[in-house]
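A short write-up of the structure that comes next.
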Amino acid sequence: MTEELTQPFDAIPDACDVLVVGAGIMGLATAYNLARMGAGRIVIVDRSYLCSGASGRNGGGVRAQFSSETNIELMKRSLELCDDFATEMGINVWLRRDGYLFLARNAKRRAELEASVALQRSHGLPTRMIGPSEILSIVPEIDVSGIEAGSYNPDDAVVFPWPFVWGYARACQRLGVTVHPFVDAELEATGGAMSGALLRSQRVESLGQEKHIRAPLVILATGAWSPEVAAPLGLELPNHPHRHEICSTEPLKPFLGPLVADLESGLYFSQSMRGEIVGGVSNARVPPGVDQRSSLRFLGLYAKALTRTMPILGSVRVLRQWAGCYDLTPDGSPIIGRVDSLEGLILLCGFMGHGFMIAPIIGLLTARYLLKNEERELFHRWSLGRFERGELLPESMILG
Amino acid sequence: MSTKRDKVIVCRCEDVTLHQVDEAIARGHRDLESLKRYTGFGTGFCQGKQCVALCARLLVERGGDPPTKPITPRPPIRPIALADLARLVDDGDGP
């Protein structure tokens, strides 16, 4: 008997203990850990298909090179979880720990990298500053003219994102969690507490069907769609979507070790296990809101930044481009945990374009927070309430 | 029969076989976009121009969700060299 990853609309129960909205990696990882710890009946709904949002559109980078202590510590643990994921879940995620190489083209960027490296080393990471000659020894094809220095952590990694989503979905299903794609959720609250949601099927076979589900605990893990999903509750979230584009080339023989990144232009690129060069670049001029269309301007910006850094790639052809949305917050840190005004609502959003890589550890910690009352400090510090308290938390190593 | 199905190619760019399509649908990848992601059909050199209609038909024949549209088309229409694309923006044109 083959296990199906997802279930149809009519299999949704009338009530559950936890309703997870959003079947991206954040919602799935959280549901998986809640189920493992015995949280009761868990239902996950998603507006579209698995991998339709940022979980299926990101570049697959997993790194511990960050500039804030919290991100460094959490990503360290996420990388450890990635190491064990294939064995635990029985699915190949094409994890390749060949490092991340950040390039600095001026003194200011160099100083920023130096400060981050010092902090990372104090947290036990092997990150180090390297000069142009060592950059060339790691990636001989880089044009180092104009590059002052780099920071290199050989333990950072890239993965293929999709099997992570399928792995968590299958593990959820084995633990009795049901995953329902193509279901819209309109969240409902009564008397200052969550009561559940009105669900609408978007699937051809049950299009337009509606039903209510009762749930005392609702986890909002809808990434760039979070402000829109929270709005019917009268909750105004400060995060907003920002389109990021990405493209991949024809496959090449494996030659590129680390993911290479430049915080100045926002350029990043790596070689996938299929051999393609996959990468993106900053583009401030994008349409507002959730927009997943591709642009020609992006290809120009990316190609220019990439061929400047790796001139040898000029003759390589781009095969496909796509886009997804970052979920940006005013201070660069995520928004997680409880909301003062609504009992039973848990936010997991605002992950600034690195939600995928942080999801394995956030999923685990959210389950501990909800079921064992642990991790209260983190869930307070990164809570929505910090914006009212004026306790903003900067993170400068945001790519793309 | 199973060995034969292993050798029937439905996406020539990515070497996706009929057997893999059957397996993906059995695992619950019941819509065209999910089927594309699980098998990789349509993500190679031709970007689905040769295989998408066939894969859509196979999906419907096996009880999957009838597609209301093809997979999202991914530009460029034909592969383009990075050096050519780099000339799209001027030197002063930053992000």
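Reckoned from all heavy atoms, side chains included, excluding hydrogens, waters and symmetry mates.
Using a 4.5 Å cut-off between heavy atoms, A:Ser294 contacts chain B through its side chain alone, with no backbone atom that close. Only the side chain of A:Arg203 comes within contact range of chain B, with at least one heavy atom under 4.5 Å from a heavy atom of that chain. Interface remark: A:Phe182 contributes side-chain atoms only to the contact with chain B (heavy atom separation under 4.5 Å). Heavy atoms closer than 4.5 Å to chain B are found in the side chain of A:Trp162, but not in its backbone. A:Leu296 touches chain B through backbone and side chain together, each having a heavy atom under 4.5 Å away. With a 4.5 angstrom heavy-atom cutoff, A:Glu205 touches chain B only via side-chain atoms.
Here the straight-line distance linking atom OH of A:Tyr49 with atom CG of B:Leu35 works out to 12.5 Å at 0.5 Å rounding. Interatomic distance, B:Asp31 CG to A:Thr6 OG1, rounded to the nearest 0.5 Å: 8.0 Å. Taken from CD in A:Gln321 to CG in B:Leu85, the straight-line distance is 8.5 Å, to the nearest 0.5 Å. Interatomic distance, OG1 of A:Thr249 versus CD1 of B:Ile80, reported as 13.5 Å (0.5 Å rounding). A:Arg293 CZ to B:Thr72 OG1: the interatomic distance, rounded to the nearest 0.5 Å, is 13.0 Å. The distance from the SG atom of A:Cys247 to the CZ atom of B:Arg74 is 12.5 Å, given to the nearest 0.5 Å.
Taking all atoms of both residues into account, the shortest heavy-atom contact from B:Tyr38 to A:Trp166 is CA-CH2, 3.4 Å. The shortest heavy-atom contact between A:Ala303 and B:Ala86 is CB-N, 3.5 Å. Scanning all heavy atoms of the two residues, the minimum distance from A:Leu319 to B:Pro76 falls at O-CD, 3.8 Å. The minimum heavy-atom distance linking B:Arg37 with A:Leu50 is given by the pair CD-O, 4.2 Å.
Highest contact tally toward chain A, considering only B:Cys46, B:Pro75, B:Pro67, B:Gly28, is held by B:Pro75 [criterion: heavy-atom pairs under 4.5 Å]. Your options are A:Thr307, A:Val318, A:Leu5, and the one with the most heavy-atom pairs under 4.5 Å with chain B is A:Val318.
The neighbour count for A:Ile312 CD1, taken as heavy atoms of other residues, nucleotides or ligands under 6.0 Å away, does not exceed 12. Within a 6.0 Å sphere centred on CZ of A:Arg174, heavy atoms belonging to other residues, nucleotides or ligands number more than 12.
Of the listed residues (B:Leu82, B:Asp90, B:Val89), just one forms a side chain to side chain contact (heavy atoms under 4.5 Å, CB included) with A:Lys304, and that residue is B:Val89.
Side-chain contact check for A:Arg317 versus B:Arg78: every heavy-atom pair is 4.5 Å or farther apart. Under the 4.5 Å side-chain criterion, counting only non-hydrogen atoms from C-beta, B:Phe45 is not in contact with A:Arg320. At a threshold of 4.5 Å between non-hydrogen side-chain atoms, the residues B:Arg30 and A:Glu4 count as touching.
With no hydrogens or angles considered, a side-chain donor-acceptor pair links B:Thr43 and A:Arg274 at under 3.5 Å.
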